[in-house]
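Below you'll find the structure, written out as structure tokens, and then a few comments.
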Amino acid sequence: MQSYARSGGFSITGKIKTALIENAIYYGTYLLIFGSLLIYVAVHPEWHLSWYELQTIGITAANTWGLFLLVLLLGYGLVEIPRSYWNASRHGHLLIKTYFKASKLMTEKADAEENLEDMMEEVRKVSESIKYNHPLRKYIDTILRKCPVEHQEKMGRNMDDYEDFDDKQNSYPSEKSLSKLHKQVIYAVQRHNRTRVQWQILLQQAIHLEDVAKNETSSTHQFVHSFPSSEPAGWFSRYVYTPTVEWYWECLLKCWFYRLLSVVLTLFSVAVVWSECTFFSTRPVLSLFAVFIQLAERDYNYLYIEMACFITIFFLCTCVYSTVFRIRVFNYYYLASHHQTDAYSLQFSGMLFCRLTPPLCLNFLGLIHMDSAISHQQKEQTAYTSIMGSMRVLSFIANGFYIYYPMLIVILCIATYFSLGTRCLNLLGFQQFVGDSEMTSDLIDEGKELIRREKRKRQRIEDGENRRREWKERYGSQRDDYTARNRSSHEMKETSYSDTVNTNNRQAKYSRASGRAERDCIELLQDAEPLDFNADSLTDEPLESESGRHSGGRYLSMSSSRSRIFDDV
């Protein structure tokens with residue numbers, strides 16, 4: 001499915017073919033390694049493995065890989081989640097970090113726009129070389145439909161299909177190169193849309209945080225927005241979440257709520273770390289979660305057991321899965337909010353969640369001493385072990401890796417607390433938010449200037465709309481009346497002008513004893529459109545007594561000149 005989603009094929013058959021080839025190469029390598037190991041086990045004289053034991057080895061290998069990832073992600077989430085809520089209660093810190101993100105995102109946005117322009121230029125060249133009568137034109141039309149609308153219109157204006165281009169010896173691209181171009185266009189358009197949406201969201205967050213900082217010193221206890229929403233307020237905003245309630249929540253209660261939540265999550269994290277390091281000890285029982293479950297087991301309090309298990313698993317899942325949402329492998333894998341994630345990243349995250357869930361359940365059973373392979377207690381087999389099999393087949397994993405590897409979570413938590421990974425990436429040249437870094441200070445200043453510029457731009461747009469609205473409300477009715485009066489007076493002028501022209505025509509026809517050619521000149525002048533102003537057609541003959549004016553600089557259609565300006569025609 002991932003290969004199908006990333007394929008640039010123009011048909012279902014082409015995409016399936018590309019996906020099958022990529023997966024054959026990928027899984028063929030794994031199959032070769034697994035076949036070699038299977039032959040080695042079958043030939044070895046001391047090993048006699050049944051199908052059940054072979055199946056258990058495969059499941060154990062998958063869970064071992066999942067547990068390896070689980071501890072890495074859990075060690076990060078146990079520290080970062082409480083710290084993120086604590087930092088969210090510090091408005092100044094949150095605003096500075098938003099400025100930093102704005103600077104990085106603007107760089108990425110400019111890069112995405114430049115990449116899109118390069119792709120559109122390449123599409124334009126290919127579109128001009130392959131015209132409508134070419135067999136590959138249908139692939140070009142498919143690529144054009146994936147382009148933004150403004151680029152489609154720009155390319156459509158330059159198309160010329162009146163010439164037969166088959167006679168020319170042009171070098172046309174192949175279908176394979178068009179598939180590659182199709183794939184690049186999809187990626188460029190998706191990245192451009194993602195950065196544009198993320199920039200608008202981040203801009204809104206920065207403006208809101210600046211509003212919170214301004215309203216903290218307000219004596220009226222009324223939250224005032226810099227840019228009020230244009231949408232009409234609902235009943236919740238009118239009666240419940242009023243400006244006064246919003247001020248108390250944003251400026252007073254929200255920070256204390258986040259601090260309290262951060263303290264509670266910190267206590268949960270400490271309990272998880274302690275239990276991960278001591279769950280192998282059954283006498284005495286040192287794992288806190290095992291103690292809670294055993295206390296409820298004595299009284300057969302099933303409701304308490306269900307609630308304790310639910311809260312524990314929920315917290316573990318939150319720590320692990322939230323870390324998955326924070327992972328970004330360049331632009332290859334990236335989960336973006338507001339429906340801006342590409343299909344490949346969605347499928348990759350779904351596959352990662354499926355790989356993490358079974359070892360997460362296994363780790364939870366170890367924490368509460370319900371897995372006999374880890375706790376070495378004779379208990380009834382759980383549903384998990386009845387489906388996944390016992391881990392005792394491989395004793396060095398059951399008695400070694402599964403017990404002692406989770407202790408590394410302490411080292412990972414310490415490294416996360418001191419931001420060692422962030423500092424290492426910053427030293428390698430990757431822009432990371434480090435408080436005592438000169439690069440971070442420069443990016444914060446740049447982000448602040450970008451937000452200020454966007455605010456001025458939005459303010460100008462809003463002021464222009466307000467002025468147009470006020471002008472329409474104040475002068476709209478007067479302008480309508482003035483337009484109606486002008487229309488009626490214009491009609492009256494046209495009527496009087498037509499009467500005057502008819503009178504002049506009759507006078508010119510009956511009172512003058514001119515020749516036929518002179519009358520033809522008058523008719524041509526009267527039928528001309530009032531567009532051409534002739535300032536050079538000056539004659540030496542004066543006008544008749546009807547006009548009484550000089551002939552210089554007049555509209556041809558409005559004049560009744562009797563000069564011989566058509567004599568040379």
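As the structure is a prediction and not an experimental result, all values here were calculated from the model.
Salt-bridge formation is detected for the pair Glu108/Arg194: a Lys NZ or Arg NE/NH1/NH2 atom is positioned less than 4.0 Å from an Asp or Glu carboxylate oxygen. A salt bridge is defined here as a Lys NZ or Arg NE, NH1 or NH2 lying under 4.0 Å from an Asp or Glu carboxylate O, and Glu210 with Lys214 fails to meet this definition.
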What's the verdict on side chain to side chain contact (heavy atoms under 4.5 Å, CB included) for Ser419 and Arg83, showing C-alpha distance, side-chain angles and the deciding distance?
CA-CA 11 Å; Ser419 303; Arg83 183 164 59 184; 3.9 Å; yes
Determine whether Ser218 and Thr220 satisfy the following criterion, side-chain hydrogen bond (donor to acceptor under 3.5 Å, both in side chains), listing intermediate values before the conclusion.
CA-CA 6 Å; Ser218 175; Thr220 58; 3.0 Å; yes
Dump the intermediate steps for side chain to side chain contact (heavy atoms under 4.5 Å, CB included) on Leu443 and Met439, then the final yes or no.
CA-CA 6 Å; Leu443 291 176; Met439 182 189 299; 4.2 Å; yes
Residue pair Gln2, Met351: steps toward the side chain to side chain contact (heavy atoms under 4.5 Å, CB included) verdict:
CA-CA 10 Å; Gln2 287 180 294; Met351 184 171 59; 3.6 Å; yes
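Contact detail for Phe227 and Lys455: the closest heavy-atom pair is CZ-O, 3.6 Å. Across all their heavy atoms, Cys147 and Val189 have their closest contact at CA-CG2, 4.4 Å. Scanning both residues, Val71 and Pro406, for their nearest heavy atoms gives CG2-CA, 4.1 Å. Between Gly14 and Ser7 the shortest heavy-atom distance is O-OG, 4.4 Å. The shortest non-hydrogen separation linking Ser262 to Pro82 is OG-O, 2.7 Å. Nearest heavy-atom pair, Thr318 versus Ile81, reported as atom, atom and distance to 0.1 Å: O-CD1, 3.6 Å.
With a 4.5 Å cut-off on side-chain heavy atoms, Leu362 and Leu70 do not count as touching. Residues Phe223 and Val212 have side chains in contact (heavy-atom distance under 4.5 Å, counting atoms from C-beta outward). Within the 4.5 Å cutoff, the side chain of Glu462 has heavy atoms near those of the Pro228 side chain. Counting only heavy atoms from C-beta outward, the side chains of Val264 and Tyr85 never approach each other to under 4.5 Å.
A donor-acceptor pair under 3.5 Å is absent between the side-chain atoms of Gln340 and the main chain of Thr195, judged by distance alone. Of the possible polar contacts, none joining the Gln432 side chain to the Thr422 backbone as a donor-acceptor pair under 3.5 Å is found.
Both the sub-6.0 Å distance and the 45° axial angle are satisfied by Arg259 relative to the ring of Trp256.
Applying the side-chain contact (heavy atoms from CB on, under 4.5 Å) test between His192 and each of Glu113, Met119, Lys109 identifies Glu113 as the sole match.
Residues satisfying the ring pair (Phe, Tyr, Trp, His ring centres under 6.0 Å) test with His182, not counting sequence neighbours, are Phe10. Not counting sequence neighbours, Glu216 has no partner by the salt bridge (charged side-chain N to carboxylate O under 4.0 Å, His left out) test.
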